[in-house]
Novice: 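Just passing along the structure, written as structure tokens.
Every chain is numbered from 1, with letters handed out A, B, ... down the list of sequences.
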Amino acid sequence: MTEQVKDENKLIAERRGKLDNIRENCPANGHPNDFNREHYAADIQAEHGEKTKEELEELQVTYAIAGRIMAKRGPFFVLQDMSGRIQSYAEKTVQKDIKARWGLLDIGDIIGVKGILHKSGKGDLYVNMEEYSLLTKSLRPLPEKFHGLSDQEMKYRQRYVDLIINEKTRDTFQIRSQIVSGIRNFLTERGFMEVETPMLQVIPGGATAKPFETFHNALDIDMFLRIAPELYLKRLVVGGFEKVFEINRNFRNEGLSTRHNPEFTMIEFYQAYADYKDLMNLTEDMLRTLAVNVMGNSVIRNTVKNAEGEVTEEKFYDFGQPFERISMMDAVIKHAPHLDADVIKDPEGRFEELRAIAKQVGVKEPEGKNVWGAGKYLCEIFEEVAEHMLDQPTFITEYPWEVSPLARRNDNNAFITDRFEFFVGGRELANGFSELNDAEDQAARFQQQVAEKDAGDDEAMHFDQDYITALEYGLPPTAGEGIGIDRLVMLFTDSPTIKDVILFPHMRPQAD
RNA sequence: CGGCCGUUAGCUCAGCUGGUAGAGCAGUUGGCUUUUAACCAAUUUGUCGAAGGUUCAAAUCCUUCACGGCCGACCA
């Protein structure tokens, strides 16, 4: 109760006073639940928006709508429902009746209206208020109607207010929903099966990251929130589910930023008897399909805004064209032509020179005994000089073995794996590879990760004996991929931060 | 975790080198009654993020803290 009193103010007190009267004088304690909403604003607009005033008068169609009052203009109320907005009209006797019953309607109140649809002189549709009911009294005033809610902290902490007020926010999360269901449809149409694997894991695997730790009382064991579903999905491929996918949350106990939330949504999918090139083709097809189906265009527009919110730069990402495919080495050479290409091409043979280049471009080496090999240096150099330059949709291939502990080694070059990552606008969106299905090789690589963990790298992988056992039963040749859903939604919705595409992003709780 | 910036009415924001706290919207009262950020008249609203300090005097200067934003670090 004390918490309520804290931000109580005159405006809220006035509305509470109105509600007190309503409770006494209206049925259902002021919260009726018998209004039968039959129509949506957007449907009415779509069906009749083009008709003339006279055509509508002839029709005399009755509609029953409900929604939140977003604005009052003279005798008009602007109602907003989940589909959109439409006006309702209260003639003078109705206004008097409303005032007598409920002490005027406030912006934010939720009402039901039934009546004949008309068109105003200015060309807007409205439903005449023949029957009307206050369904829910809103006790708190909404943000200002023109500027809306722009305080970012409040947008995230009170997303419900943001959603009431800001159409852009509603659009973003509708697009997010469409992207997820679009991916789901795309894969199920191609014979993939959706599965759910453990979020609580005893051995957190499938990625290198710090996990959240928890404890299971009945089993009396430590457990971890998963950092990736990968090893479980591949167990299912061993079991014979040859095409599987999972769309769900991963949890990583790491910092927050414009691109990171401690829990984030990934799709991972695995296909037996396919390789990483098949997945690049699939990815290209899927993203192109999504762009067209969800955004209505294979070209995605992004903007850069200044502090005043004015657009200073426009970017267009073309998913209609074939995506560029280039190896990590070639990408470094292409985007940093001043570096010695011969060294980049022979990272192991000219290791010391590679290290010098790394230092030159600003790679920070780890302290202590944790020694990097040529593959790690190459990858770091790539991230430093090339990654942010990958503007249009681009696959980077030929990731070094050293940074790919779960990927299959390339047949012709043991230094690299059959792996790609996918970039748009300088951001990594996806990571896929032909899976390592050699049980003995996998066991050896786990051993190396364990050694790195013992050396102090707390993000190195655990040894997962059961996963090795599964591989020993036989994983068919398989390719798998993960796509960061949040970042994909950021791209499609032109959102500068991941908090804009997560309904309830994590924040530090407010102090009392 | 580090650097920079921010926090003033329910919301969006002014408030200069210290001198009685402001506007628009929302609200209230009345008018108008086919409006489009409706309009006209009158009017109400504050722990200036918190706590200390300097000063005759602090929204304003200083210190600490809280929360947020941006940029780094870690990563997807």
Novice: With RNA chain B as reference, determine whether A/Leu104 or A/Arg157 sits nearer its 5' end, using the nearest nucleotide of each.
Specialist: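 Result of the comparison: A/Leu104.
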Novice: Looking at B/rG69, I'd like to know if its phosphate oxygens (OP1 or OP2) sit under 4.0 Å from a side-chain N or O belonging to A/Lys499.
Specialist: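 So the side chain of A/Lys499 is within the cut-off, an N or O lying under 4.0 Å from OP1 or OP2 of B/rG69.
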Novice: Distance between the P atoms of B/rG49 and B/rG30, in whole angstroms?
Specialist: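 So the two P atoms sit 36 Å from each other.
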Novice: Donor-acceptor check, side chain of A/Ser434 to backbone of A/Tyr276, threshold 3.5 angstrom: yes or no?
Specialist: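 Side chain of A/Ser434 to backbone of A/Tyr276: a pair is present.
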Novice: Are the side chain of A/Asn261 and the backbone N or O of A/Glu263 linked by a donor-acceptor pair below 3.5 Å?
Specialist: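 Flag set: sc A/Asn261 to bb A/Glu263 pair under 3.5 Å.
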Novice: Does the ring of A/Phe76 meet both stacking tests against the six-membered base ring of B/rA38: centre distance under 5.5 Å and plane angle under 30°?
Specialist: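 No, the aromatic ring of A/Phe76 does not stack with the base.
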Novice: Rounding to an integer number of Å, can you tell me how far A/Glu383 CD sits from B/rA73 C1'?
Specialist: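 That distance rounds to 14 Å.
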Novice: Students often get this wrong, so: under 4.0 angstrom with heavy atoms, is A/Lys18 touching a base, only sugar-phosphate, or nothing?
Specialist: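 It contacts sugar-phosphate atoms only.
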Novice: Nearest-Å distance, CD1 (A/Ile12) to C1' (B/rA9)?
Specialist: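 Rounded to the whole Å, the gap is 13 Å.
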Novice: On RNA chain B, check which nucleotide each of A/Asp486 and A/Leu149 is closest to and give me the residue with the more 5' one.
Specialist: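 It is A/Leu149, whose closest nucleotide lies nearer the 5' terminus.
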Novice: Between the side chain of A/Arg408 and the main-chain N/O of A/Asp418, is any donor-acceptor distance below 3.5 Å?
Specialist: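 Side chain of A/Arg408 to backbone of A/Asp418, a donor-acceptor pair under 3.5 Å: no, none is there.
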Novice: Write down the distance between CD1 (A/Ile107) and P (B/rU28), rounded to a whole number of angstrom.
Specialist: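 About 10 Å, once rounded to whole Å.
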Novice: State whether the distance check finds a donor on one side and an acceptor on the other, under 3.5 Å, for side chain A/Glu153 versus base B/rU7.
Specialist: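 Donor-acceptor pair under 3.5 Å: no.
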Novice: Please give the distance between the P atoms of B/rU8 and B/rU12 as a whole number of Å.
Specialist: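 Rounded to whole Å, the distance is 9 Å.
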Novice: From CG of A/Leu488 over to P of B/rA76, roughly how many Å is that when rounded to an integer?
Specialist: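 For the pair A/Leu488 CG and B/rA76 P, the rounded distance is 17 Å.
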Novice: Just checking A/Glu91: base, sugar-phosphate only, or nothing, at a heavy-atom cut-off of under 4.0 Å?
Specialist: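 Touches nothing.
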Novice: For this output row, return yes or no: ring centroids of A/Tyr89 and A/Tyr126 closer than 6.0 angstrom.
Specialist: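 Between A/Tyr126 and A/Tyr89, which both carry aromatic rings, the centre distance is below 6.0 Å.
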Novice: Rounding to a whole Å, what distance do you find between A/Asn250:CG and B/rA76:P?
Specialist: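 These atoms are roughly 11 Å apart.
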Novice: When all nucleic acid strands are considered with a 4.0 Å heavy-atom cut-off, which category describes A/Asn253: base, sugar-phosphate, or nothing?
Specialist: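 Nothing, no heavy atom under 4.0 Å.
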Novice: Indicate yes or no for a side-chain donor-acceptor contact from A/Asp494 to the backbone of A/Thr303 under 3.5 Å, with no hydrogens or angles considered.
Specialist: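 Between the backbone of A/Thr303 and the side chain of A/Asp494 there is a qualifying donor-acceptor contact (under 3.5 Å).
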Novice: Should A/Arg73 be listed as having a side-chain N or O under 4.0 Å from OP1 or OP2 of B/rU35?
Specialist: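 A/Arg73 to B/rU35 OP1/OP2: no side-chain N or O under 4.0 Å.
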Novice: Any side-chain N or O of A/Arg259 below 4.0 angstrom from OP1/OP2 of B/rC74?
Specialist: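 Result: no.
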Novice: Could you tell me the Watson-Crick or G-U partner of B/rG72, where both distances fall under 3.5 Å? Say none if there is no partner.
Specialist: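 B/rC1 is the nucleotide pairing with B/rG72.
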Novice: Determine the Euclidean distance between corresponding P atoms of B/rC70 and B/rU29; express it in Å to zero decimal places.
Specialist: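 Nearest-Å result for B/rU29 against B/rC70 at atom P: 42 Å.
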Novice: Report the distance from atom CD1 of A/Ile498 to atom C1' of B/rG69, rounded to the nearest whole Å.
Specialist: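 Checked: the CD1 to C1' distance equals 16 Å.
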Novice: Looking at the base of B/rU34, is there any donor atom on it, or on the side chain of A/Tyr126, that sits under 3.5 Å from an acceptor on the other one?
Specialist: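 Check passes, donor-acceptor contact within cut-off.
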Novice: Contact class for A/Met507 (heavy atom, under 4.0 Å): base, sugar-phosphate, or nothing?
Specialist: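 If one applies the 4.0 Å heavy-atom cut-off, A/Met507 turns out to touch the sugar-phosphate alone, with no base involved.
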Novice: Short question: side chain of A/Thr394, backbone of A/Gln392 - any donor-acceptor pair under 3.5 Å?
Specialist: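 Yes, the answer is positive, given that a donor and an acceptor are paired below the 3.5 Å cut-off.
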Novice: According to a strict under-4.0 Å criterion, is A/Lys72 in side-chain N/O contact with OP1 or OP2 of B/rC25?
Specialist: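 For B/rC25, OP1/OP2 do not have a side-chain N/O of A/Lys72 under 4.0 Å.
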Novice: For B/rU20 and B/rA58, measure between their P atoms and round to the nearest Å.
Specialist: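 Here B/rU20 and B/rA58 have their P atoms 12 Å from each other.
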Novice: Any donor-acceptor pair, under 3.5 Å, between the side chain of A/Glu14 and the base of B/rU28, if you only look at N and O atoms?
Specialist: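 Absent.
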Novice: Does the structure show a Watson-Crick or G-U wobble partner for B/rC67, both distances under 3.5 Å? Name it, or say none.
Specialist: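 B/rC67 is paired, partner B/rG6.
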Novice: Could you identify the nucleotide paired to B/rU45, looking across every strand shown and requiring Watson-Crick or G-U wobble geometry with both distances under 3.5 Å?
Specialist: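 Base partner found: none.
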Novice: What nucleic acid atoms does A/Gly148 come within less than 4.0 Å of, heavy atoms only: base, sugar-phosphate, or nothing?
Specialist: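 Sugar-phosphate, backbone atoms only, no base.
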Novice: Let's test this: given Watson-Crick or G-U wobble pairing with both distances under 3.5 Å, identify the partner of B/rG30.
Specialist: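 Its partner is B/rC40 (Watson-Crick or G-U wobble, both distances under 3.5 Å).
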Novice: Think A/Ser150 has a side-chain N or O under 4.0 angstrom from the OP1 or OP2 of B/rU12?
Specialist: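 Yes, A/Ser150 has a side-chain N/O under 4.0 Å of OP1/OP2 on B/rU12.
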Novice: So, is A/Lys145 near the phosphate of B/rC25, with a side-chain N or O under 4.0 Å from OP1 or OP2?
Specialist: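 Answer no for this pair, as no side-chain N or O of A/Lys145 is under 4.0 Å from OP1 or OP2.
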Novice: Can you tell me the distance, in whole Å, between the CD atom of A/Glu144 and the C1' atom of B/rC25?
Specialist: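 Value for this atom pair: 4 Å.
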Novice: What nucleic acid atoms does A/Gly484 come within less than 4.0 Å of, heavy atoms only: base, sugar-phosphate, or nothing?
Specialist: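 A/Gly484: no heavy atom of the nucleic acid under 4.0 Å.
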Novice: Using purine N1 to pyrimidine N3 plus N6-O4 or O6-N4 for Watson-Crick, or N1-O2 and O6-N3 for G-U wobble, each under 3.5 Å, what pairs with B/rU20?
Specialist: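 With both distances under 3.5 Å required, B/rU20 matches none.
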Novice: Please check: side-chain N/O of A/Glu58 versus main-chain N/O of A/Glu55, any donor-acceptor pairing under 3.5 Å?
Specialist: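 Not a single qualifying donor-acceptor pair exists.
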Novice: Judged by atom type as modelled, is there a donor-acceptor pair below 3.5 Å linking the side chain of A/Asp106 to the main-chain atoms of A/Asp109?
Specialist: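 Side chain of A/Asp106 to backbone of A/Asp109, a donor-acceptor pair under 3.5 Å: no, none is there.
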Novice: What is the distance, to the nearest angstrom, from the NZ atom on A/Lys122 to the C1' atom on B/rC39?
Specialist: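 Nearest whole value for this atom pair: 11 Å.
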Novice: Using atom C1' in both nucleotides, what's the gap between B/rG22 and B/rC48 to the nearest angstrom?
Specialist: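 Result for the C1' pair: 12 Å, nearest Å.
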Novice: Taking the P atom in each of B/rG52 and B/rA26, what is the distance between them to the nearest angstrom?
Specialist: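 Taking atom P in both B/rG52 and B/rA26, they lie 39 Å apart.
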Novice: Would you please confirm or rule out a distance under 4.0 Å between OP1 or OP2 of B/rC67 and any side-chain N or O of A/Arg508?
Specialist: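 For B/rC67, OP1 or OP2 has a side-chain N or O of A/Arg508 closer than 4.0 Å.
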Novice: Ignoring backbone atoms, test whether A/Lys10 places a side-chain nitrogen or oxygen under 4.0 Å from the OP1 or OP2 oxygen of B/rU44.
Specialist: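 Negative; the distance criterion is not met.
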